[in-house]
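First up is the structure itself, then whatever we jot down about it.
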Amino acid sequence: TASLHYHNQKTQFKAGISADAGITANAPCNFLDNLVIQPQLKDYSETVNAIGSKTTSFSVDFEDGNVQSLTVGGNMTISFSNAPIGGEAGTVTLVITNGGAHTVTWPSGFQSVKWPGGVAQSLTSSGTDILTFLTTDAGVTIYGFVGGLSFS
């Protein structure tokens, strides 16, 4: 049974919902981790989670958004939390300001970050770097790759 809320009225359906003329939503739609099949997207955007300045170790939460920004203000280890379940891919792109001004350590062992060539890229001490992280096994292994370095 599916349900649809329209003008604050809840309507129950025994099977799926068919909308041959389209659907317009002027409020957030929560799909509750259900599969969306064959969407064709046009003019979409992603919310940026502005983490702010961090001076100690912290965890990047996959559920806080696919794009997150932060300024590195002290030595830290950056870890990851709430990755999608195994068999589902999850990505998060970090826009990091002044990452090379301090020591940034990435996790090894469980929840390890794998880098091309086995070595994390050096970050820019005064500028912006863009790094993307991908996991397909619930965060046990996270692949890190550089989108761009030293934007200023």
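These numbers were taken from a predicted model, which means no experiment stands behind them.
Residue Thr128 holds its OG1 atom at 7.0 Å from CG of Asn98, rounded to the nearest 0.5 Å. Rounding to the nearest 0.5 Å gives a distance of 9.5 Å between OG1 of Thr124 and CD1 of Ile96.
Checked against side-chain hydrogen bond (donor to acceptor under 3.5 Å, both in side chains), Ser69 has no partners two or more places apart in sequence or in another chain. Taking the side-chain contact (heavy atoms from CB on, under 4.5 Å) definition, one finds that Thr55 meets it with nothing, sequence neighbours left out.
Applying the 6.0 Å contact sphere to CG of Asn34 captures more than 12 heavy atoms from other residues, nucleotides or ligands.
Applying the side chain to side chain donor-acceptor pair (under 3.5 Å) test to residues at least two apart or on different chains, none of the pairs has a partner in residues 113-122.
Residues Thr77 and Trp106 are not in side-chain contact: their nearest non-hydrogen atoms beyond the backbone lie 4.5 Å or more apart.
Val67 and Phe80 sit in two unconnected hydrophobic clusters of ILVMFWY residues. Membership requires side-chain heavy atoms under 4.5 Å apart, directly or through other members. Under the 4.5 Å side-chain heavy-atom criterion for Ile, Leu, Val, Met, Phe, Trp and Tyr, Ile51 and Val95 are members of distinct hydrophobic clusters.
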Determine all donor-acceptor pairs shorter than 3.5 Å in which one atom belongs to a side chain in residues 130-152; sequence neighbours excluded.
residue, atom, partner, partner atom, Å
Thr132, OG1, Thr93, OG1, 3.0
Thr135, OG1, Asp137, N, 3.4
Thr135, OG1, Asp137, OD1, 3.0
Thr135, OG1, Gly139, N, 3.0
Thr135, OG1, Thr141, O, 2.9
Asp137, OD1, Val140, N, 3.1
Asp137, OD1, Thr141, N, 2.9
Asp137, OD2, Thr141, N, 3.3
Asp137, OD2, Thr141, OG1, 3.4

What donor-acceptor contacts under 3.5 angstrom involve side-chain atoms of residues 81-92, with partners at least two apart or in another chain?
residue, atom, partner, partner atom, Å
Ser81, OG, Ser59, OG, 3.2
Asn82, ND2, Asp61, OD1, 3.1
Asn82, ND2, Asp61, OD2, 2.9

Output side-chain donor-acceptor pairs under 3.5 Å for residues 36-50, partner residues at least two apart or in another chain, one line each.
residue, atom, partner, partner atom, Å
Asn49, ND2, Gln68, OE1, 3.2

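Heavy atoms only, all atoms of each residue included: Met76 and Lys54 are closest at CE-O, 3.1 Å.
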